[in-house]
Amino acid sequence: MRRFGRIFKRHGPLPQSGEPMQVIVNTNENTNGTLVLPLWQDSKNMAPGSESGVHRSLKNQIENILVEGDFKAKAGTAMTLAGTEGGKALLIGLGKEEDATPQVMRESGAKVTASCKKIHGKTLTVKFHGMEDAYMAAFVEGMILRDYSYDNYKTKDEDDDSDDRELKIHVTCEEEKHAALETSAETSSAVATGVYLARDLGNAPPNDLYPMEFARQAIEFGSAHDNVDVKVINYDEARTMGMGGLVGVGMGSYRKPCMVIFEINGDKPGPSPCIVGKGITFDTGGISIKPSPSMDEMKYDMHGSATTFGVMQALVASGHKDRVIGLTCMAENMPSSNAQRPGDVITTYSGKTVEVLNTDAEGRLVLSDGLWYAGTHLNPSYMIDLATLTGACVVALGHEASGLWSNNDELLNNIKEAGEHCGEIAWPMPLFKAFEKEMTDSKIADVRNLGAGRWGGSNTAAAFLKQFVPNMEGTDEQIPWAHLDIAGTAWGAKTNKLVKNGATGIHVRTLHHLITGQ
Ligand code: BES
Ligand code: ZN
Ligand code: ZN
């Protein structure tokens, strides 16, 4: 066993991407490095006030271009100017002023970092003028979020520094808006550390990121912060405790399953928000094996756990003072002689039995133990689970929104609003009684892990999870709970302009905003 272990175990930590770029907010009129000019559509001149500190020849060149209509500043467009004695500039189109939204501004900010090439250098100055606080904040947030790429596994060409992400961005605005912009930029940077971490975990190859490696990173995170406690329930403990869902899914893999519990500010009184993540570090489908095409994408099947960890990081970085809980259910779903079979009946941590009709519907099994443990041991005010749970959710909503189910209208609305605020849409989906009935009519167990037919697959999955939400102590009412199916939003959304490729870090910002109001 030991010798075999050496074949795949990494020695030392997984490579991680760096810190978010430096953003310096100032009112000084100098232009450091390349000038970045956000422009409303069809502007004929630079916004009054933004010309200060810009060399006359560059200003003339910009105004000529605008007067001639050579750059119309439509949303999503950019133009680079170089070769004048007045320095370089990057013009960014914001679209029509009347169509502006925070999301348009985020995407415009993202266009800056996406457009940055060697020619622009490492230092830029964005000049805002006459722009409202929320729009400037969103633009800066977009620049930071798009400035991420996962190239940890690429061998570096020592002669080429084009992929070095060490941008330093100065941002200038009117003096009276300075303080607010500085605060929002600081928050964006703090939250971005959580988004980056979630993306790093999501992008990590599954041979390196397996359940106990995730746990190791979580423990390391706990050791690095006085206000964070991390507890790991390992495979043997999960078996002893009767976590049949987690054990059933994970036992077919040499890399054994575990549950990771994060507690931030545990000395503060509960009840507290609790985030629960599906963490399947690779989903082959198990004995109900998946087809080969795109199976590699199932490394992202742990993005619920990546987001959970990312939210913890974001809360710590932004200095959150209240208690928050995170719980991740980690397993690798593999076919093997020790894997569970279609037809097996398992007993979950709740005591309820489940007929496993398809081993590829494994996310709900690990979450059944996670939700029950969180609800009965961790004193949650509410629980929100995140899971790349069903292909059916991608059929329903594409890559534009996560599915959102809840047993509590207030919680559902709060999550929906937080998602809208952050440009991470969570779309309400139904928890009809008929779906619950469908999932609880197994002939031989309490619950079945597969719907009776193929229709409404994301709804029946949510109805399954609802069976494992405990009641509030001393009542016959369930703990407020919501489920986010992030199968379509966790990676690969071509329309997500805040991500170059790969894992998105979806809902780290939504949940940070929901919990902190920031
Ligand atoms: N991880 C998958 C869901 C998934 C599929 C996410 C494609 C993103 C893209 C999940 O474990 C799964 O395989 N679900 C099955 C459920 C079915 C067997 C009831 C599915 O969606 O096909
Ligand atoms: Zn599966
Ligand atoms: Zn899965």
Side-chain angles (χ1 to χ4, degrees), residues 202 206 209-211 214 245-246 248-250 252-253 257 276-307 328-335 339-344 354-370 385-403 405 429 435 438-439 442 447-465 467 483-494 496 502-504 506-507:
L209 187 71
Y210 46 93
F214 184 100
L246 186 76
V249 173
S253 173
V276 177
K278 167 178 171 180
I280 302 298
T281 58
F282 195 73
D283 183 11
T284 63
I287 297 298
S288 315
I289 198 159
K290 287 181 179 298
S292 309
S294 304
M295 205 207 266
D296 58 290
E297 294 188 344
M298 284 298 116
K299 73 169 185 173
Y300 299 114
D301 208 23
M302 39 62 71
H303 204 306
S305 67
T307 294
T328 65
C329 309
M330 311 305 302
E332 186 179 52
N333 190 19
M334 291 293 231
Q340 67 177 350
R341 294 148 286 256
D344 280 3
V354 177
E355 185 181 12
V356 179
L357 290 164
N358 188 317
T359 64
D360 197 12
E362 83 299 336
R364 60 196 78 181
L365 299 178
V366 298
L367 286 171
S368 69
D369 286 344
D385 76 71
L386 298 113
T388 45
L389 203 64
T390 64
C393 189
V394 194
V395 174
L397 298 172
H399 297 291
E400 303 313 311
S402 304
W405 292 256
M429 300 282 281
F435 297 133
E438 188 174 333
M439 300 308 281
S442 160
V447 191
R448 48 190 287 161
N449 85 328
L450 191 66
R454 55 192 286 263
W455 307 117
S458 62
N459 298 313
T460 47
F464 176 99
L465 294 179
Q467 309 312 307
H483 158 56
L484 283 162
D485 193 331
I486 57 171
T489 50
W491 78 94
K494 300 263 181 306
N496 188 338
T504 58
I506 190 72
H507 296 314

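Start at 1 and go down the list; that is how both ligands and their atoms are numbered.
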salt_bridge(R448, E438) N-O dist < 4.0 Å: no
Please list the nearest protein heavy atom to atom 12 (C) of ligand 1 with its residue and the distance rounded to 0.1 Å. D360 O, 3.2 Å
What are the protein N/O/S atoms, named by residue and atom, that sit under 2.8 Å from the Zn ion (ligand 3)? K278 NZ, D283 OD2, D301 OD2, E362 OE2
Yes or no, since that's all I need: does a protein heavy atom fall within a distance strictly under 4.0 Å of atom 14 (N) of ligand 1? yes
G403 versus C393, closest heavy-atom pair with distance: N-SG, 3.8 Å
Taking both backbone and side-chain atoms of K278, is any N or O found less than 3.5 Å from an N or O belonging to ligand 1? yes
Show the numbers, then the answer: is there a side-chain contact (heavy atoms from CB on, under 4.5 Å) between S458 and M429? CA-CA 9 Å; S458 62; M429 300 282 281; 3.8 Å; yes
Do you know which two heavy atoms are closest between H303 and A490, and how far apart they sit? CD2-O, 3.3 Å
Non-hydrogen atoms of T460 and M439 that approach each other most closely: O-CG, 3.4 Å
Between the side chains of H507 and S402, does any donor sit under 3.5 Å from an acceptor? yes
Determine the sole option in V366, D283, V356 for which the side-chain contact (heavy atoms from CB on, under 4.5 Å) test with V249 is passed. V366
T390 versus ligand 1: do any nitrogen or oxygen atoms come within less than 3.5 Å of each other? no
Those atoms of ligand 1 less than 4.0 Å from some heavy atom in W491: 8 (C), 9 (C)
Of all the non-hydrogen atoms in the protein, which one sits nearest to atom 19 (C) of ligand 1, and at what distance? L450 CD1, 3.3 Å
Atom 10 (C) of ligand 1 - nearest protein heavy atom and its distance: L389 O, 3.3 Å
Any idea which heavy atoms bring G370 and V276 closest together, and the distance? C-CG1, 4.5 Å
How close does the nearest protein non-hydrogen atom get to atom 1 (N) of ligand 1, and which residue and atom is it? D301 OD1, 2.8 Å
For S442 and E355, which heavy atoms make the closest approach, and how far apart are they? OG-OE1, 2.7 Å
Side chain proximity check, F282 to M302, heavy atoms < 4.5 angstrom: no
Considering only protein heavy atoms, which is closest to atom 2 (C) of ligand 1, and at what distance to one decimal place? D283 OD2, 3.6 Å
Donor-acceptor side-chain pairing of N358 and S288 below 3.5 angstrom: yes
Of G391, S288, G363, the residue with the heavy atom nearest atom 4 (C) of ligand 1 is G391
Does M298, backbone or side chain, put an N or O under 3.5 Å from an N or O of ligand 1? no
In terms of atom number and element, which parts of ligand 1 are under 4.0 angstrom from non-hydrogen atoms of A487? 6 (C), 8 (C)
Looking at D360 and K290, is any side-chain nitrogen of the basic one under 4.0 Å from a carboxylate oxygen of the acidic one? yes
If you compare R364, E362, K290 by their heavy atoms, the one closest to atom 16 (C) of ligand 1 turns out to be R364
So the atoms of ligand 1 within less than 4.0 Å of a heavy atom of T388 turn out to be 1 (N), 2 (C), 3 (C), 6 (C)
Kindly indicate, with the supporting measurements, whether the criterion side-chain hydrogen bond (donor to acceptor under 3.5 Å, both in side chains) is fulfilled by D485 and W405. CA-CA 8 Å; D485 193 331; W405 292 256; over 6 Å; no
Can you list the atoms of ligand 1 that are under 4.0 Å from a heavy atom of N358? 18 (C)
